[in-house]
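Remember, predicted model here, so these are calculated numbers, not experimental data. Whatever order the structure lists them in is the order used to number ligands and atoms, beginning at 1. For the single chain, residues carry numbers from 1 onward in sequence order.
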Amino acid sequence: MTSGKVYLIGAGPGDPGLVTVRARELIERADVIVYDYLANPALLDWAKADAEKLYVGKQSGMHSIPQDEIEELLVDRARKGLQVVRLKGGDPFVFGRGGEEVSELQIDKIPFEIVPGVTAALAAAAYAGIPLSHRDFSSSITFLTGHENPDKQTLSIDFSKYGKIGGTLCLYMGLGQLPRILKELKAGGLSGQMPVGIIQWATLSRQKSVYGTVDSILGDLERSGIGTPAMIIIGEVVAQRTKTEWFEGRPLFGKRIVVTRAREQAGQLSQLLSAQGAEVIELPFISVQQHFDEKLVSEVFAGIAVYEWIIFTSANGVKHFFDLFYKAYDDIRCLGPMRIAAVGAATAREIHKHKLKVDLIPRKANADALAEELIQNEGVESVQILVVTGNQNRESLVQRLESDEGRAIVDTLPLYKTSKTNLSQHPAAERFRQEGADAVLFTSASTVKSFVDQHAALVLASDARRPVFGSIGPLTTKTLQELKLPVAFESTEASLDHFVVETIAYLAKP
Ligand code: SAH
C-alpha cells in the first residue's frame with residue numbers, strides 16, 4: 001500500500017489566483033480535501049471528480065468541528081494510504097492552528113508537508129494599497145490576534161504592551177474585541193490620531209474597506225456596515241496608502257454580472273469582466289455541441305476544391321470544421337485555394353490560428369452585412385460557396401446569396417447544434433435567485449429565448465438585486481424587445497471587448 005501523507009496547505013486570502021503553484025498541484029492530486037471556512041471553495045474545482053471533500057469550518061450559528069476530531073480525520077485518512085490535503089485560509093502557521101495539527105501527525109508518525117500561503121495581513125495591505133513597511137514611517141510589522149482562536153471569546157493578550165511598539169500593527173480576528181483592544185493600546189501610549197484601516201474579505205469581489213483614526217474608527221466602522229472576516233491595520237503607513245485604489249477602484253468593482261453564454265464560450269467574456277473588477281455569475285442558457293451529418297461532411301470534403309469561397313458564421317463553426325478537417329486530412333493544402341470570409345473579428349481570430357488569412361470580414365459583424373459585401377464587392381454569380389454554420393440563423397445568409405441579387409451556388413455545412421439548457425438545479429442559478437445581479441449580458445438571440453423560457457426557475461428573492469439587461473447587438477436587442485424585456489444598453493460593435501466597454505459605461509453611471 002502506498003503510504004498516505006498529509007499536506008498542510010495555505011489556501012491564501014480568498015482569490016484562487018493567490019495560491020501557490022505547489023498548492024494547486026497538490027489539490028489536483030488529492031484523494032481527500034479537508035477545508036475550512038476561509039478557504040475559498042472555488043479551489044475545490046481543481047480537485048479530481050472523485051476526491052472526498054470535507055468541510056470542517058463553522059456553519060452559520062453553529063460550532064465548527066472540534067479540533068481533535070479534525071486531527072483524527074487527517075490521521076485516519078492518511079493511514080488508509082490516501083493523499084490528504086488540509087486547506088487552511090491564508091497561511092497554515094499564522095493563527096491557523098497548523099502547529100497543533102502537525103504535532104498530532106508527528107505523534108501518529110504520519111508523513112506531512114507544509115505549503116505556505118499568502119496570509120491575510122499581506123493580502124489586505126496589498127489589495128488596499130497600504131505599504132506595510134516604509135523607510136520613513138514603519139520599520140517593524142507586528143501580527144496580533146484578537147482571539148487566540150475563533151471559538152474562544154476571552155482575551156489574554158495585554159494590548160497595552162503594543163501601544164508604544166511603533167511600526168505597523170496587523171490585527172487578525174480583532175473586530176469582536178476592537179473597543180477593548182483600542183482602549184488598551186491607547187492606555188499603552190498609542191496616539192488617538194494614529195491612522196487605522198479595516199479591510200473585509202480582502203482580495204474578493206466583495207472586499208470592503210474603511211479608514212479612520214484610533215479615535216474615530218469605531219464610529220466609521222459602524223457606519224460602513226463592515227463585518228468579519230476583516231484585517232485591521234494600525235500605523236502611519238495606513239495614511240501612506242496609494243491614492244489610486246487599484247483593486248476597489250476598478251470600474252466594475254462591486255458589480256455582479258451574469259454571463260449567459262454556453263459554458264465552453266463563457267470564459268473570455270467572464271475574464272474581461274473580472275479584469276474590470278466585476279463579480280461574474282456564469283449561467284449557461286444554451287449549450288453548444290458538435291452535431292453533423294457524416295455523409296454530408298464526407299461529400300463536402302471530397303469536393304472541397306470546387307468552392308471559391310468558404311464562409312464561417314461563428315468561431316464555433318471554425319473550431320468544429322478544423323476538428324473534422326484534420327481528422328480527414330493531414331495537410332492544410334487539401335483545403336485548396338479558396339477564399340475565406342468570416343462574419344466578425346472573433347471568427348477571424350479562430351481562423352488565424354490555422355495560419356490562414358481571412359479575405360473578407362464585413363464592416364458590420366452580422367450575416368446580412370457579410371452577404372451584402374460579398375454580393376456588392378466580389379460578385380458571386382455562379383460562384384460555389386460553402387457556408388459552415390450551426391443549426392440556427394443561417395437561412396437569411398444563404399437566401400441572400402442564392403437570390404436574384406447574388407445567384408451563387410451555396411452548400412451549407414451545419415456542424416454544431418445550439419440547444420437550450422435547464423438551469424433549475426444549477427448552483428449558479430440558486431445564487432442568482434438569492435443575490436440577483438446588476439446586469440445580465442445577452443450575447444445571442446438564443447440566450448434570450450432560453451432566459452425567458454426558464455423564467456419560472458429564476459424568480460429573484462425579495463431582497464435580491466434587480467438586474468438590467470444588456471445586448472451585444474441589434475439581433476439580440478430585437479429578440480429582447482419582442483419578448484418584452486427592457487434593453488438598458490446595446491453594444492455598438494458586436495465584439496466582446498466593446499460589449500464590456502458599454503457595460504462599464506452603463507453601470508458606472510451615477
Ligand atoms: N491563517 C489565516 C488567519 C486565520 S485567522 C491567515 O494566515 O490569513 C482568521 C482571521 O484572518 C480573520 O478573522 C481575519 O482577521 C483574517 N482574514 C482571513 N482572511 C481574510 C480576508 N480575506 N480579508 C480580511 N481578513 C481576513
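- Less than 4.0 angstrom separates some heavy atom of Pro13 from each of these atoms of ligand 1: 22 (N).
- In this structure, the side chain of Gln454 engages the main chain of Leu423 through a donor-acceptor pair within 3.5 Å.
- Distances between N or O atoms of Leu171 and those of ligand 1 include no value under 3.5 Å.
- Put simply, the side chain of Val102 reaches to within 4.5 Å of the side chain of Phe93, judged on heavy atoms.
- Not one N or O on the side chain of Ser450 forms a donor-acceptor pair closer than 3.5 Å with the backbone of Ser446.
- Of all the atoms in ligand 1, the ones that sit under 4.0 Å from a non-hydrogen atom of Ile199 are 24 (C).
- Within the set Val94, Leu18, Ile198, the minimum heavy-atom distance to atom 1 (N) of ligand 1 is found for Val94.
- The backbone N or O of Val19 sits nowhere less than 3.5 Å from a side-chain atom of Arg24 that would complete a donor-acceptor pair.
- Considering only heavy atoms from C-beta on, Leu458 comes within 4.5 Å of Phe451 through its side chain.
- Between the Gln207 side chain and the Tyr127 main chain, a donor and an acceptor come within less than 3.5 Å of each other.
- Using a 4.0 Å heavy-atom cutoff, Thr203 is absent from the residues neighbouring ligand 1.
- Comparing heavy-atom distances from atom 17 (N) of ligand 1 across Ala121, Gly146, Ala120 singles out Ala120 as nearest.
- Proximity of the aromatic rings of Phe112 and Tyr7 is defined here by a centroid distance below 6.0 angstrom, and this criterion is not met.
- In the vicinity of Asp91, heavy-atom distances shorter than 4.0 Å reach the ligand 1 atoms 1 (N), 6 (C), 7 (O).
- Near Leu38, meaning under 4.0 Å from one of its heavy atoms, ligand 1 places the atoms 9 (C), 18 (C).
- When each atom of ligand 1 is checked for a heavy atom of Tyr172 under 4.0 Å away, the hits are 3 (C), 6 (C), 8 (O), 11 (O), 15 (O), 16 (C).
- When the heavy atoms of Ala230, Gly174, Gly89, Cys170 are ranked by distance to atom 2 (C) of ligand 1, first place goes to Gly89.
- Here the side chain of Asn40 pairs a donor or acceptor atom with the backbone of Ala42 at under 3.5 angstrom.
- Numbered from 1 in the order shown, with element, the atoms of ligand 1 that lie under 4.0 Å from a heavy atom of Phe95 read 4 (C), 5 (S).
- Of all atoms in ligand 1, numbered sequentially from 1 with element shown, those under 4.0 Å from a heavy atom of Thr119 are 6 (C), 7 (O), 8 (O).
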